[in-house]
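Below is one structure; the comments refer to it alone.
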There are 2 protein chains.
Amino acid sequence: MAKIVDNLWSPTTDPAPSDHRTIADRVSQQLVDAIVSGDLPQGSKISEPEVARRLGTSRGPLREAIRRLEGLRLVQRQAHVGARVITLSHRELDEVYSVREALEGMAARLAAQHMSEEEVAELGELLARHELMIEQDHDYVQAAGDYDFHYRIIRGSGNRWLIELLTGELYHLIRMYRLTATRSAPRPERALADHRRIADAIAERDGELAEMLMRRHISAARQRIAQRMPEESP
Amino acid sequence: MAKIVDNLWSPTTDPAPSDHRTIADRVSQQLVDAIVSGDLPQGSKISEPEVARRLGTSRGPLREAIRRLEGLRLVQRQAHVGARVITLSHRELDEVYSVREALEGMAARLAAQHMSEEEVAELGELLARHELMIEQDHDYVQAAGDYDFHYRIIRGSGNRWLIELLTGELYHLIRMYRLTATRSAPRPERALADHRRIADAIAERDGELAEMLMRRHISAARQRIAQRMPEESP
DNA sequence: TGCAGGCCTATTGTTGACAAAATAGCCTTG
DNA sequence: CAAGGCTATTTTGTCAACAATAGGCCTGCA
């Protein structure tokens, strides 16, 4: 299930379909996965010879992949020195969440306007399934369900650039944080209640309400993170 | 002046300071400039041998530069076929403006909270200079002044990721459009009045009002574009 | 005459070698 | 003993040649 959701959430890094994958594309995806999974920790240097050897390729495609990640803002480069995985300070993580709040709020509003009746019905069914799964509070299932819910609303906005930003760099950054920080997910019942209200607002085509509820939902997550981050490390 | 503003607005594509520029960095910037200036039109194919020759380098650095632009979403690639400059349909341009409206509105709200008194004063001085320049309605001066105003507010938000998104890919896309489409700038007096109201709201630390005014300001620009785009080309 | 199949050329993908720059360690000197 | 410079090594930047794929072209057959 996690795999499915990961694929759903990585459309911008997915290469062309079938076997039209080039080595640089594969390496690019592997690097994203490595960074997000914590295999390449924040701030770690990416040694071209070593990583190329570990990934079984030469430096050419690796360098192209690094340049792609640079465009996605997952790594920072310095000429003649090398590339390092970006480091997110707590303050910057908070800033990312602020941007996400604004954009996903917008997505919820647009989704209320543009989602088809069928998509709205599917959203309701998804929540019903989550409700059934809630007793077996498997952490990962909860997280996957959370992604799935947000992803559907983002897609429902119908705004291509909004979708690309939210499922692209912003999502990778948040995904990266999830591994390094302690779990700060809300109690599943609370998250589900939030989701239910948002879905109801969308079903009633009340964009303003949907936006407000979504912003609150994400803002709460941001505040939970801030609470659990008392120590400040510049 | 145009040069100054362009530099101000391209922090993410600026390479390391001084002569620590690598060829791939230079080529990357040249490609962005070529796309934005219309030298490489929307949808045009980027032939690696030809472009490499024209830019006086080999294919290696060029390919890295293309991969960087791919991350910035300025080009789209297809394996074994090549890279093409992205084409913005009118609908997509409208979507970009919608995202910009949300993010710059957020920037105005944050700027009202975070800008120092000195920065607020400078913003006022900037507008005073624009007011003086308004009789000599040099189109380019107006456009540069517009950029300068928006740029200062974006920077004033203090949110690094907001700044990167707005001055990075979103800005390049809008810049790209400006060249291909007919000028749809508002009358300078109207733009200046809008700017003045926004600056006043920021000076009074009224974030909500600043956000609302900024959103309206950008929304008006979006509607002007939509009006002048009756023909639909998929 | 139309279509199908295979060849052919041009372009992209990849590799390894070479050049240049930066860092680290060592030696010298005050 | 510390500080500064020099050298050596490692790493990054660049290039040109080689391999592989795609799309067009030509021919042959129905």
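Everything numeric in this text was worked out from a predicted model, so none of it was measured. Computation of the quantities below employed the complete heavy-atom set of this structure, encompassing side-chain atoms and omitting hydrogens, waters and symmetry-equivalent molecules. Chain naming here is simple, since letters A, B, ... match the order of the sequence lines and numbering starts at 1 in each.
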Q) To the nearest Å, how far apart are His80(B) NE2 and dG24(D) P? A) 17 Å
Q.
Output the rounded distance in Å from CZ (Arg59(B)) to P (dA19(D)).
A. 15 Å
(Q) At 4.0 Å (heavy atoms only), tell me whether Gly60(A) reaches a base, stays on the sugar-phosphate, or touches nothing. (A) base
Q: For the residue pair His150(B) and His195(B), categorise the inter-ring angle as parallel (less than 30°), tilted (30 to 60°) or perpendicular (more than 60°).
A: perpendicular
Q.
Distance check needed: dT14(D) C1' versus Arg26(B) CZ, whole Å only.
A. 12 Å
**Q.** Polar side chain donor-acceptor pair, Arg26(B) to Gln30(B), under 3.5 angstrom
**A.** yes
Q. What integer distance in Å separates Arg63(B):CZ from dA16(D):C1'?
A. 14 Å
Q: State whether Arg53(B) and Glu50(B) are salt-bridged, where the test is any N-O pair (Lys NZ or Arg NE/NH1/NH2 against Asp/Glu carboxylate O) under 4.0 Å.
A: no
Q.
Expressed as a whole number of angstroms, how long is the span from Ile23(B):CD1 to dG13(D):P?
A. 11 Å
(Q) Is there a side-chain contact between Thr22(B) and the phosphate of dT14(D), meaning an N or O under 4.0 Å from OP1 or OP2? (A) yes
Q.
With a 4.0 Å cutoff (strictly under), does any side-chain N or O of Lys45(A) reach OP1 or OP2 of dA22(C)?
A. no
Q | Distance in angstrom units between Asp25(A) CG and dT12(C) P, rounded | A | 15 Å
Q: Take atom CG of Leu62(A) and atom P of dT15(C), then tell me their distance rounded to the nearest Å.
A: 11 Å
Q. Quick one: is dT11(C) close enough that its OP1 or OP2 comes under 4.0 Å of any side-chain N or O from Arg77(B)?
A. no
Q: Would you kindly give the CD-to-C1' distance between Glu48(B) and dC15(D), to the nearest whole Å?
A: 14 Å
Q: Ignoring backbone atoms, establish whether Thr57(B) has a side-chain N or O less than 4.0 Å from OP1 or OP2 of dC15(D).
A: yes
**Q.** No-hydrogen, no-angle side-chain donor-acceptor test under 3.5 Å, Arg222(B) and Ser98(B)
**A.** yes
Q: Have a look at Ile66(B) and say if it touches a base, only the backbone sugar-phosphate, or nothing, with a 4.0 Å heavy-atom cut-off.
A: nothing
Q: Verify the ring-centre separation between Tyr151(A) and Tyr171(A): is it less than 6.0 angstrom?
A: no
Q: Report the residue (Val81(A) or Ser58(A)) whose heavy-atom-nearest nucleotide on DNA chain C is the more 5′ of the two.
A: Ser58(A)
